[in-house]
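Every heavy atom of this structure was used, including side-chain atoms; hydrogens, water molecules and symmetry mates were not.
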Amino acid sequence: MKTTFTTHTKKGFTLIELLVVIAILATLAGISSPIIMGQMEAARESTARKTCLDIVEGATKFRTDYGVLPFRTDEAEPTEENNYQVSLSTEVGQDAGMLSILLNREEDDDNRMNTNKEYYLRSDVQEKKSEGLYEDPSTGDLVGLYDPWGKPYYVLMCEENDGCTDPFTGKKLRGKNCIAYSLGVNGTGKAPEVTPARKQGGKKGGKKNQEMSIEEEEAEDAIADNIYSWKKVSK
């Protein structure tokens with residue numbers, strides 16, 4: 001009896017099929033990449049906004065508890081020249097002791113401002129500047145609090161009852177004794193400039209109508225948010 005052997009040959013992908021698959025994968029990557037990048041940037045913005053609000057809330061609560069704002073007047077003194085407000089950043093040496101006060105990390109108990117040792121601002125130490133609170137890895141000394149782009153946050157504080165002067169619009173922010181903001185990606189962010197409201201012709205009810213410009217609306221939104229990194233106006 002004659003035995004017949006059948007040879008099975010495995011068929012692989014042809015070069016054309018591989019090229020097609022690679023082209024499809026490249027297309028999908030090209031489509032999804034901007035979406036992923038956009039989501040990552042939105043997450044950074046959300047983190048920056050929350051940190052700014054946390055700084056403002058912490059400083060406001062400290063002022064309520066102690067009657068003063070959390071910075072050392074021997075390092076930064078409000079004067080008439082600076083509209084009775086101080087400009088600080090969340091980098092040690094530029095913060096007039098603000099971070100150590102809010103974070104309850106004051107080392108000199110005899111000169112402690114945060115006498116109740118309460119945490120007015122909470123933030124875990126991170127390995128990179130762009131991840132938040134950062135310490136010198138060799139000494140453990142506090143270096144600063146940084147936004148998701150690796151830059152310090154900027155803080156204005158004032159004791160005036162009519163509020164701080166907004167650095168972007170020049171307006172007095174009534175009731176706000178602390179403003180915190182980030183300059184955004186690469187430190188290039190800025191608040192939109194306020195343009196004068198346009199007066200419309202004609203009368204209605206004996207008063208001229210006024211229309212707020214888009215730029216002014218965005219500026220008002222920026223003031224309300226206390227953060228200006230991504231409030232930009234197209235030129």
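- Atom CG of Leu102 sits about 10.0 Å away from atom CG of Leu69, to the nearest 0.5 Å.
- Applying the ring pair (Phe, Tyr, Trp, His ring centres under 6.0 Å) criterion to Tyr66, with sequence neighbours excluded, gives Phe62.
- For residues 85-103, the set of pairs meeting the side chain to side chain donor-acceptor pair (under 3.5 Å) definition, not counting sequence neighbours, comprises Glu91-Tyr146.
- The stretch residues 133-144 participates, sequence neighbours left out, in these salt bridge (Lys or Arg N to Asp or Glu O under 4.0 Å) pairs: Arg105-Glu135.
- Going from atom OG1 of Thr115 over to atom CD1 of Ile101 covers 11.0 Å, rounded to the nearest 0.5 Å.
- Panel note: side chain Arg44, backbone Trp149; no donor-acceptor pair is recorded below 3.5 Å.
- Hydrophobic clustering of Ile, Leu, Val, Met, Phe, Trp and Tyr side chains at less than 4.5 Å, counting indirect connections, unites Leu142 with Leu145.
- Not a single side chain to side chain donor-acceptor pair (under 3.5 Å) links Asp74 to another residue, sequence neighbours left out.
- The CD1 atom of Ile55 lies 11.5 Å from the OG1 atom of Thr60; values are rounded to the nearest 0.5 Å.
- A search for salt bridge (charged side-chain N to carboxylate O under 4.0 Å, His left out) contacts involving Glu159 returns Arg63, not counting sequence neighbours.
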Return all side-chain donor-acceptor pairs below 3.5 angstrom for residues 117-124, not counting sequence neighbours, or 'none' if the list is empty.
unit_1	atom_1	unit_2	atom_2	d
Glu118	OE1	Tyr120	OH	3.4
Glu118	OE2	Lys61	NZ	2.9
Tyr120	OH	Asp65	OD2	2.7

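- Nearest heavy atoms, Cys178 versus Val155: SG-CG1, 3.8 Å.
- Val143 and Leu99 fall into different hydrophobic clusters, defined by Ile, Leu, Val, Met, Phe, Trp and Tyr side-chain heavy atoms under 4.5 Å apart, directly or through other members.
- Partners of Val86 according to the side chain to side chain contact (heavy atoms under 4.5 Å, CB included) rule, which considers only residues two or more places apart in sequence or in another chain, are Phe71, Ala76, Pro78, Leu88, Met157.
- A donor-acceptor pair under 3.5 Å is formed between the side chain of Asn177 and the backbone N or O of Cys158.
- Criterion: ILVMFWY side-chain heavy atoms under 4.5 Å apart, direct or through other members. Under it, Met98 and Val92 are part of a common hydrophobic cluster.
- With sequence neighbours left out, Ile16 forms a side chain to side chain contact (heavy atoms under 4.5 Å, CB included) with Thr14, Val20.
- The CG atom of Asp147 sits 8.5 Å away from atom OG1 of Thr51, with the distance rounded to the nearest 0.5 Å.
- Expressed to the nearest 0.5 Å, how far NZ of Lys128 lies from OH of Tyr134 amounts to 10.5 Å.
- For Ser46 (side chain) and Ala42 (main-chain N/O), no donor-acceptor pair under 3.5 Å exists by modelled atom type.
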